[in-house]
Amino acid sequence: MRLRLPEERPARPPTGYKIAYPVLSQDGTRSGFTGVSLGGGSPYGVLDDARCVYGRRHRPPARRCDCGFHCLHSLSEALGLTCTGAHRRAVVLEVTVLGSYIRYERGLRYARQRVRTVRVGPCACGRPPRRLTDAGWGRPGWRVLGPDCGACALGLTGVTFAEFARLAGGQLKVIPSQRDGPADATVPELMAEAALLQARLDWFQGQLAKFTGREQL
Ligand SMILES: [Zn+2]
Ligand SMILES: [Zn+2]
């Protein structure tokens, strides 16, 4: 008796989430992504087919192999992976799963994918990211990029989010992480901050006046 997996015929292709590193080709003309696991395979583009990492002559996802693209069902689980030390500077991709796939409890293993959005975490200094710059390592022919606020990695090779999307050759949405901070504050937030500073200055001047008043006694 042969056990067969139940077949699914979804009305629209499934969506999944995964972590990856953005990469820029050595000549700066192409961008893409590379997997986070050791031997994460060769870099892939916005729309790409998986290849068997063991070089076997089958099309991923082969049942007796573990090759193919992988993703998780849940965005929060993918975001959670970026808390681990090794993956702090990885980005979170939202992908459309194309072609055949095998469903697991937490995610899918599949043949073909289109990257839809890239969520970029904060710069190492904690400020919101503005660019993707040379992270200091890579794969042959590819530099891995990391989030940069625009001030920390001055002088290093890098691209803006729009440039990265253009070089990837696809309709890619790049979403910078939203963190409160002066760089990203709205006008009402800045006015509230100014009011607070004014109140502190008033208090400070009041205290100072007491001292100068005493000294005059
Ligand atoms: Zn394989
Ligand atoms: Zn920074």
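We count ligands from 1, going down the list as the structure has it; atoms in each ligand are counted the same way.
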What angle sits at the Zn ion (ligand 2) between SG of C152 and SG of C123, to 10°? 110°
Taking every non-hydrogen atom, the tightest pair across Q26 and R143: O-NH2, 3.8 Å
Between SG of C125 and SG of C149, what angle is found at the Zn ion (ligand 2), rounded to 10 degrees? 110°
Looking from the Zn ion (ligand 1), what is the angle between SG on C65 and SG on C67, to the nearest 10°? 110°
Is it true that R119 and E94 have a side-chain N and a carboxylate O under 4.0 angstrom from each other? yes
With a 3.5 Å distance limit and no angle check, can you tell me whether T133 reaches the backbone of A153 through a side-chain donor-acceptor pair? no
Is the NZ or CZ atom of R56 both under 6.0 Å from the centre of the six-membered ring of Y54 and within 45° of that ring's axis? yes
